[in-house]
Number of protein chains: 2
Amino acid sequence: MLEFAILGLLHQSPMHGYELRKQLAQILGGLRSISYGSLYPALKRMHAAGLISTEEPDPHALLPADAPPLTGRRGKVVYTITAEGKERFHELVCDSGPEAYDDGGLFGVRLAFFRHTASDVRLRILEGRRRTVERQREGLRSSLARTRERLDHYTLELQRHGLESVDREVRWLSELIDTERRGAAGGAPPETPGGSPPSTK
Amino acid sequence: MLEFAILGLLHQSPMHGYELRKQLAQILGGLRSISYGSLYPALKRMHAAGLISTEEPDPHALLPADAPPLTGRRGKVVYTITAEGKERFHELVCDSGPEAYDDGGLFGVRLAFFRHTASDVRLRILEGRRRTVERQREGLRSSLARTRERLDHYTLELQRHGLESVDREVRWLSELIDTERRGAAGGAPPETPGGSPPSTK
DNA sequence: CCTTCGATGTATCGTCTCGATACATCGACA
DNA sequence: TGTCGATGTATCGAGACGATACATCGAAGG
């Protein structure tokens, strides 16, 4: 999931780790931001896999006498997506398997980069997500119906609020699906990089 | 957080790990259940800390000849809360510090065991939680206002839905607070174990 | 009768994530 | 001049997670 988000952000422009984290936090919705303890290892993995390239200033340049003990001495590192990384991003973007919607976190990131995804794939992901959330809702419903009598006020309120949240999410997804279906013919199919541009324009 | 939930459950009755996990999943709201990889180490830690005691059937009893190689040979383990564990639980239950509401997961568990918490502490926790969520809401709001023009349809919808969810949570908390305030005089102050029972009965 | 299946049940492993922290530079403001 | 907060890179230990192994038992079904 982190991999996907990083590729998506670097796909737009190269960035520092710090900037990456800020943008990430915004995508993830303000709450639930990502920590450096996840970000930097992920960047390291992706660099090792050849998905991104790093560009850091020469560590030992223009240092005449080294009066400070030069411990640390870190420079800014700019991360850039490679051709391989773009390829990987497009694989991920076109994937509509269950992993795309079963996890809420990944689904959110997928949504944030939906403009890179074809309309039919978008529809499959949205519908898959709705099915997942509907299953959760049914589980919650039956659990609540089974235990309603034994629960005190606060536990009951907790379950009720959770159920309503899930319910609202289903309705929200349904609206998105409707919009997507209606706009399917008219929406701009985004970014077919090597493809032939459609006749219009 | 896990520690709190386990103590709370064992406070009601001794249990197996398996049963513990099921109850835990129900408290956590169906989604977001706890895994064995978290549960058993937690139980081990708590046993080492003296908060719970284990009761397992004698491993080498009534085995005349050991025809099976007896590898594994696990028996059911019943976990029981100790006096020390009950003490720890009451400390946690009376704690209304920021850690009780800043983390949504712990707050949910706290709610699930609110019947063990005095009304004034309940009120402090609910109000703290509301302040936390309100801060999140303001962050989301300003972020959304700042970037509304640059966002595509789906990113916008994602942020909007997130903001509405947070907004609903604030309203829900406000209702809980109102109820708690109104019921403060009449609500049963629960479970003062060594304390003096109030004059009424 | 026997066998397979799912629920119950305990437990560990490797991988990853998180929060805290350390270190360093820079501009702003007092 | 000092010192504060934002920017910036990076690691550490604690612990959570998913997958998996192993084991028992009752019920369904050939």
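Put simply, CE on Met1(B) is 14 Å from C1' on dC18(C), counting in whole angstrom units. Summarising the geometry, the separation between CD1 on Ile52(B) and P on dT10(C) is reported as 12 Å, rounded to the nearest angstrom. If you measure from atom CG of Leu106(B) to atom P of dC18(C), you get 18 Å, rounded to the nearest angstrom. Rounded to an integer number of Å, the gap from NZ of Lys76(A) to C1' of dA10(D) is 16 Å. Distance NZ (Lys22(A)) to C1' (dT9(D)): 15 Å, rounded to an integer number of Å.
Looking at residues 36-47 of chain A, you'll see Gly37(A), Ser38(A), Arg45(A) sit with a heavy atom under 4.0 Å from some atom of DNA chain C. Near DNA chain D, meaning a heavy atom under 4.0 Å from it, residues 14-21 of chain B has no residue at all.
If you check every strand for non-hydrogen atoms under 4.0 Å, Leu2(A) touches nothing.
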Acceptor/donor pairs from residues 12-21 of chain B side chains to any protein atom, 3.5 angstrom cut, sequence neighbours excluded:
| unit_1 | atom_1 | unit_2 | atom_2 | d |
| --- | --- | --- | --- | --- |
| Glu19(B) | OE2 | Gln23(B) | NE2 | 3.0 |
| Arg21(B) | NH1 | Ile34(B) | O | 2.6 |

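Asp178(B) is listed as a side-chain neighbour of Arg182(B), based on a closest heavy-atom distance under 4.5 Å. Contact of the Arg141(B) side chain with the Asp167(B) side chain is registered, since non-hydrogen atoms from C-beta on lie closer than 4.5 Å. Two residues are said to be in side-chain contact when any heavy atoms from C-beta on lie closer than 4.5 Å; Ile6(B) and Leu39(B) meet this criterion.
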Dump the intermediate steps for ring pair (Phe, Tyr, Trp, His ring centres under 6.0 Å) on His116(B) and Phe89(B), then the final yes or no.
-> CA-CA 10 Å; His116(B) 301 292; Phe89(B) 182 64; 5.5 Å; yes
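Between Arg168(B) and Glu164(A) there is a salt bridge, with a side-chain nitrogen of the basic residue lying less than 4.0 Å from a carboxylate oxygen of the acidic one. Between Glu91(A) and Arg88(A), at least one side-chain nitrogen of the basic residue sits less than 4.0 Å from a carboxylate oxygen of the acidic one, meeting the salt-bridge criterion.
Side-chain atoms of Glu157(A) and Trp172(B) form a donor-acceptor pair, as typed in the model, at a separation below 3.5 Å.
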